[in-house]
A.B. asks: 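I am attaching a structure below and will ask some questions about it afterwards.
Quick note: numbers below take in every heavy atom, side chains included, and nothing from hydrogens, waters or symmetry partners. Throughout, a chain's letter reflects where its sequence line sits, starting with A, and its residues are numbered from 1.
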Amino acid sequence: MPEELKILKQLAIKIKNKSSLIRFKTAEKLSQINSLQVIDILIKSLEKETDFDVQEILLNALIKFKQLKVFAFLCKQLENEDFPFWSQQPVINALCKTQDKQIFSTLISYLKDKKKSLVNKSIVQEKMIEIIDKTSLHLLVELQDYLEKGFWWTKLNRQNFNNISDLIEMLSHPSAFVRKGAVYMLEEVDSPLVKPILIKTLINDSSEDVRFSANFALGRLSNSYLLPYLISILKENNKNVYYKLHSTKKLERFGGENIFALIEQMKLDDENLQEHTADILFQITSSEIRSILSSIFKNSKPKVQKMVLDVLGAEGDPESLPLLKKALQDKSLEIRTKAAIYLSKQEKFIKALDTKEKKLLIKILIFALTKNIFLEDVISVLLKTEYLLIDELNFSEIQMVYSILVGLLKKDIENIQQNAINILEKIELKYKYSNEEFVFYLVKLIKKSSNLNVLAAKSLLSISPSKKILANKELIYDLVETLANPEINSLTYQILEKTIHSDIVPNLLRKAIYENNTSAIKSLKEIIPSSEIIDIEKDINWLGNFAKKYNEMHRKVVLDLNQYKRKLKLQEQKQEVKEEIKDSSKTLNDLSVKDQKISNLAIKSPENIKLKDLPALIEALKTEDKSLSSAIMKIFETFKSHKIKPVLIKALEHNEKRVRLEVLTFLLSLYKNNILQIMPKILEVLIKDNALANYRLFLEKIADKQPTQKLIELLGHNDVNMRKWAIESLGARRSIKAVSALVENLKDSDPSICACAALALGKIANLKAIPALIEALKNPNYDIKKYSAYALNEITRFKKITNLSLISAIQTALIDILAEKNEEISIHAAIILGRIGNHKAVPILIKSLTSPVAYLRAKSAKALGRIASNQAITFLINLLEDDFDYVCVSSIEALGQIADKQTAPILIEKLNSNQPAIKPSIIRAFGKIKSPETLEFLIEATQSANEDIRQAAAFSLGEIGNTKFLPILIEMTKDFEIKVQKEAIEALGKIETPEAIQALINLSDNIEVNPYMRQIAKDILEAKKV
Amino acid sequence: MKKGWFFNGLGIRGNFYDTKIYSYEELPPIKIDLDDDFEWLLKQPELKEHIYRYPNMSLSRLIELEAQTNIKFPKAFVNFVKNWEISYRIPKAMGYQFLLPKECIKTIGNYSGFLLRFMAGDYGEEVCLYLDKTGQHFVVQGFSTIAILEDKETSFFYGEKQLDIEKENVYFCATSFNEFIYRIWIEGSICEKNEYLPNWLKQDYTNHYLTLK
């Protein structure tokens, strides 16, 4: 529809706008259009777009159209080597959003490419795995090497596999990797079918990895179906202990009825497995298991026996009694001890023992105590069997137990200490050992603020040690100290009451009074006779007076300190106030020190500064202190702009550079639309101060805001700098409108204007400028010559010149330039002659081959190659020995273009040199020279490890165009590197035989091939009108 | 000319987040025989998380830059560009990437020659080879100074693209390209906990700074 076309045309223009905001809005509009005609506009604008946001909208708009052209473009962007890797991310996102399986081959080759960014690769992986479905499982296999070992299957899109039959089908996929994914997805499906399927996989799958996964999955789906299979795993003679251990863990949920497998497992010689199995057995209650375990016990290793005891002993089942009794006589101390412990734990067991067995049991326990075996358990059972201790042991044995237990009090383990205290207390009560060491430890424990202090105090009270023992002053003091602890002070008081020694009491009282320990005072006063208390109180009075005096002194000091603190705080507050006004007053204070003239300003606050004070402030901008100058700028801002402008413009003439530039910067911010008024002055200052480059961004921004016509008008401005600035800006804008006006300026009497104009014309690159530029080349001024040559270089780069007389005129002028041997200008001349030159330029170009400037030698060689002059061959061959590889490459390219078969042997010889950089160009030259002796080297090059050489080989095989190379080229279309593939396809296009065309048709129809490559093949076929 | 080494503290001379310019003179001495073919580095295994290298760092671009400057580039640098395998062994650190520019920037003043930017960081850090006209080189570190010039259009009005490195925010950071690669490898390895970094080397680095303290 014409209306739609009109809108499209408008949008196509708008999307080229300089402003990214406009482009953004236009892109949004474009994305709403569904017509196929928009594709070209989108592709063209994306090629030039630099703004990421706009790129993203355009890309999203583009991927709506599932056209080969679109895919090809996106793939091409992905291969674009000059594209920074982060800007490829929107392309990757877009490619993945296409959900097109054909695109995947491109993405897989992207993953294979070592040169691609790892960040992008991980994005590709994630995106790809999200869109894999049942039809694209082969991609999952291909991705296998790139997926992290982690939980990749969690990223598979469940919506793509929501049908259980698909998942079941996946389980018969040849790749174990795919089957593993299926297993994990099945685990999440809520269906009764799942379990039998997984069990089947668990038993039948050929891959251990998949079986593992099925095992894990089944573990989560706990179900009685599973039990027999788990047990069968345990019974399997499988060496993988971890596998079995996991199955065992699963089995834990199913109770004891299938416990045989576990028991079997106990016999395996793996500690972890046995331990875990025992854990499970421990939790299982079944009478059946006991008899079996008892039967195992006889022939098992100590470790297993120990575990069996753990299982049987814990339950206290009477059936275990014979086994435990038997175990009391076992060789292993550990087994014996275990049996003794389990027997002691149950009163019914102990009752069932005869005297001999009881004695044996208690001896085992005591022996274990001495050997530190199962200490905690042993002590806890000893407590239960204290009557045994007392009844069954003789005096010396008891003494031994006693000393071991006292020793154990040192151990800082509460359980042990607690039980030890209990046992010791009972022994003490019975035998009255009055052991000093035991009392000592008890006092220590009372003093220590732990959970045991009450127990220890109670114990000490109950054993009521003799006065003799507590005569130790240290112990008494320790106990008095504990009077401060409300938890135990009544207990300690009772202890003290019973045992205290009168000699030390007065001192204790003094101490208690001094420390104001009321409970201690109370307890002590009750013990001390009243006469003594009076004496003590006298002493204390004196002490009290002293304390009073001390307190007064202390109070005074505190008062002083508070005052001092207050003062300090005030000072801080003052400092803060100072900080607040720092920006303005500091500035002026500083100034007053530096300059007498403005000292008056220092005492003023910023708001009181008047217009007449401005010169002084401007003067102060001399400072190197940036905070100072920005403070002054802030003061400037307080003035109305029309008042301050004239003063500042005048200040641009200040004799200090720093002041001028500071003022100029401020002025740039002050002027908005009418900035052109002061531009001449600004440019003058910037040029004088050599600061144009620093202010380039500002000036370019100002220029951007001016309409083209305004800038063209400025070309007639009476200020030279303004003209130069306008010329520069028109050049940067690439304004074709300005060409005629710029050509006029090229003839200006001021050489700098001419140079500027030449450069601008080069940027615009319009054919109309050529005659004037040829004239300018003849100008003696270096800059004019240089930029005119540059301009001609740019124009010939972008535009094709058809006017022969014009070509001839350029050539003549350039030949003269080359003869002047001016290096930088000559390089431009050589490049241009390479594009438009003919045999007339050959002699001077040959002369340039000996220039000391490498780049000129290279460009001259290239030019000679383009002109294809046989005269140059000898000179070009000489150049093959050049120090610079680039010169050699240029010379080889030139020899290739001249294509003289006699040069082939020389190039073959050069191929063997140790210069990797030149090899691809030699291989390319072989394609041009088409000499039979180079063929073997070409075929060898197709197998090179270097992709540039392979690419060159493909190019040359195409150039030679022999059908016998077809199989090689077809093979090369599958190369690992995209650029080699592309070159091979293009080479096929160069071969004019039906077989080659058929090969191209096959390529363009093959959906496995990268869409970019298929499009190339299609384009070639279209060009051939096939 | 200012000297300095811009990196993080490695947890040795400062903490890991303390990225700043450290004293060049205080850098530990090099304990490996550096060769132009980087055999010392190629002996190391390839790293999964290696420094990123733009495809534009190609031999064909390099030899053209060489001809443009008319200066032969240091052998070690050419070998580095030639062999991708070398960069696969340098750990990813500080967001650096290897690349080649479109052109070299002219330098003026006491150090007249060219700057060839070969490395860029995420925050405008730039590492360049300085080449004088006789082909002598050293490595300098700049901060958003050199790449800006590369991007600017040719201009007669605003002046040529050139730089006086003594007057700019540019620091001398290695006497040779070889030394720079060694430094970025060892510091990157310490920073990224590269398991293949020989323990004695790491120890030596740590001890050096401990001795300084």
Side-chain angles (χ1 to χ4, degrees), chain A residues 79-85 113-119 687 690 692-696 699-700 721 724-725 727-729 731-732 752 755-760 762-763 783 786-787 790 823 827 852-859 882-890 916-918 920-921 946 948, chain B residues 46-73 78-79 81-85 87-88 92 95 97-104 106 120 122 133 135 148-149 151-164 167-168:
Chain A
E79 295 308 327
N80 187 350
E81 291 192 345
D82 281 336
F83 230 48
F85 75 89
D113 192 345
K114 273 187 169 183
K115 295 175 192 170
K116 301 295 180 203
S117 142
L118 291 172
V119 184
I687 289 166
N690 202 15
L692 260 181
N694 302 344
Y695 283 76
R696 183 169 179 171
L699 299 181
E700 281 175 349
N721 297 331
K724 279 196 242 173
W725 174 66
I727 294 170
E728 172 76 31
S729 310
S752 62
C756 253
L759 185 61
K763 285 180 186 169
D783 287 333
K786 178 174 144 189
Y787 290 114
Y790 163 85
E823 291 153 5
I827 290 170
V853 180
Y855 208 49
L856 179 57
R857 294 200 296 278
K859 291 296 170 190
D882 199 282
D883 273 352
F884 285 82
D885 281 347
Y886 186 67
V887 180
C888 297
V889 167
S890 306
I918 68 168
S921 56
N946 181 322
D948 294 327
Chain B
E46 191 175 308
L47 301 173
K48 198 178 171 199
E49 296 278 293
H50 55 75
I51 206 160
Y52 181 66
R53 172 176 159 149
Y54 276 91
N56 79 9
M57 198 182 219
S58 64
L59 200 54
S60 54
R61 181 173 276 196
L62 184 79
I63 60 169
E64 183 163 5
L65 285 170
E66 192 179 47
Q68 278 174 11
T69 54
N70 211 27
I71 299 170
K72 288 290 282 178
F73 289 168
V78 178
N79 284 341
V81 175
K82 213 188 298 178
N83 191 350
W84 281 77
E85 293 293 322
S87 52
Y88 295 154
K92 192 159 101 176
Q97 297 118 27
F98 287 113
L99 40 72
L100 278 183
K102 284 181 189 152
E103 58 182 321
C104 297
K106 257 188 203 170
D122 285 348
K133 285 179 181 150
I148 290 175
L149 282 180
D151 288 344
K152 279 186 181 164
E153 271 200 343
T154 314
S155 173
F156 175 67
F157 180 67
Y158 292 112
E160 285 191 17
K161 298 181 197 180
Q162 54 190 22
L163 207 69
D164 185 343
K167 290 183 184 165
E168 298 289 339

A.B. asks: Measure B:Glu160 against the heavy atoms of chain A and call it side chain, backbone, both or neither at under 4.5 Å.
C.D. replies: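 Side chain only.
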A.B. asks: Need one label for B:Phe73: side chain, backbone, both or neither, based on atoms under 4.5 Å from any heavy atom in chain A.
C.D. replies: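 No part of B:Phe73 comes within 4.5 Å of chain A.
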A.B. asks: Measure B:Lys82 against the heavy atoms of chain A and call it side chain, backbone, both or neither at under 4.5 Å.
C.D. replies: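 Looking at B:Lys82, just its side chain touches chain A.
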A.B. asks: A:Asn690, A:Leu699, A:Val889, A:Ile827: which one forms the most heavy-atom pairs within less than 4.5 Å of chain B?
C.D. replies: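 Of the candidates given, the most pairs with chain B belong to A:Leu699.
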A.B. asks: What part of A:Tyr787 gets within 4.5 angstrom of chain B, counting heavy atoms only: side chain, backbone, both, or neither?
C.D. replies: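 Contact with chain B: side chain only.
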A.B. asks: Between B:Ser155 and A:Arg696, which heavy-atom pair has the shortest distance, and what is it?
C.D. replies: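 Closest approach of B:Ser155 to A:Arg696: CB-NH2, 3.9 Å.
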A.B. asks: Please say whether more than 12 non-hydrogen atoms of neighbouring residues, nucleotides or ligands are located less than 6.0 Å from CG in B:Asp122.
C.D. replies: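 Enclosed: over 12 neighbouring heavy atoms sit under 6.0 Å from CG of B:Asp122.
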A.B. asks: Taking the side chain as C-beta and beyond, is there a heavy-atom pair between A:Asp783 and B:Phe156 under 4.5 Å?
C.D. replies: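 A:Asp783 vs B:Phe156: side chains touch.
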A.B. asks: Output the option from A:Pro916, A:Ala858, A:Gly731, A:Ala758 having the highest count of non-hydrogen pairs under 4.5 Å with chain B.
C.D. replies: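 Heavy-atom pair counts peak at A:Pro916.
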A.B. asks: Quick one, B:Phe157 with A:Ile727, criterion side-chain contact (heavy atoms from CB on, under 4.5 Å). Give me CA distance, side-chain angles, the key distance, then yes/no.
C.D. replies: CA-CA 9 Å; B:Phe157 180 67; A:Ile727 294 170; over 6 Å; no
A.B. asks: Does A:Tyr855 reach the side chain of B:Glu64, with side-chain heavy atoms less than 4.5 Å apart?
C.D. replies: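 In contact.
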A.B. asks: Heavy-atom pairs under 4.5 Å with chain A: which of B:His50, B:Lys152, B:Arg53 has the most?
C.D. replies: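 Among B:His50, B:Lys152, B:Arg53, the one with the most close pairs to chain A is B:Lys152.
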A.B. asks: Using heavy-atom distances under 4.5 Å, tell me whether A:Ser752 contacts chain B through its side chain, its backbone, both, or neither.
C.D. replies: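 Both backbone and side chain.
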A.B. asks: Any sub-3.5 Å donor-acceptor pair from A:Asp885's side-chain atoms to B:Ile63's backbone N or O?
C.D. replies: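 Not at all, since once roles are kept as given, no pair shorter than 3.5 Å links the two residues.
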A.B. asks: Measuring heavy-atom distances to chain A, does B:Leu65 have an atom under 4.5 Å in its side chain, in its backbone, in both, or in neither?
C.D. replies: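 When you check distances to chain A, no heavy atom of B:Leu65 falls under 4.5 Å.
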A.B. asks: Looking at every heavy atom in both B:Asn70 and A:Pro852, which two are closest together, and how far apart are they?
C.D. replies: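 Taking B:Asn70 first and A:Pro852 second, the nearest heavy atoms are ND2-O, 3.0 Å.
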A.B. asks: A:Tyr886 and B:Glu66: side-chain contact (heavy atoms from CB on, under 4.5 Å), yes or no, with the steps?
C.D. replies: CA-CA 8 Å; A:Tyr886 186 67; B:Glu66 192 179 47; over 6 Å; no
A.B. asks: At their closest point, which heavy atom of A:Ala854 faces which heavy atom of B:Ala67, and how far apart are they?
C.D. replies: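 What the structure gives for the nearest pair is CB-O, 3.9 Å.
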A.B. asks: Taking NZ in B:Lys72 as the centre, count heavy atoms belonging to other residues, nucleotides or ligands within less than 6.0 Å. Is the count above 12?
C.D. replies: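 More than 12 heavy atoms, drawn from other residues, nucleotides or ligands, come within 6.0 Å of this atom.
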A.B. asks: Please classify the contact of B:Thr154 with chain A as side chain, backbone, both or neither, using a heavy-atom distance under 4.5 Å.
C.D. replies: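 B:Thr154 touches chain A through backbone and side-chain heavy atoms alike.
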A.B. asks: Quick check on A:Glu823 against chain B: is it the side chain, the backbone, both or neither that has a heavy atom closer than 4.5 Å?
C.D. replies: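 No part of A:Glu823 comes within 4.5 Å of chain B.
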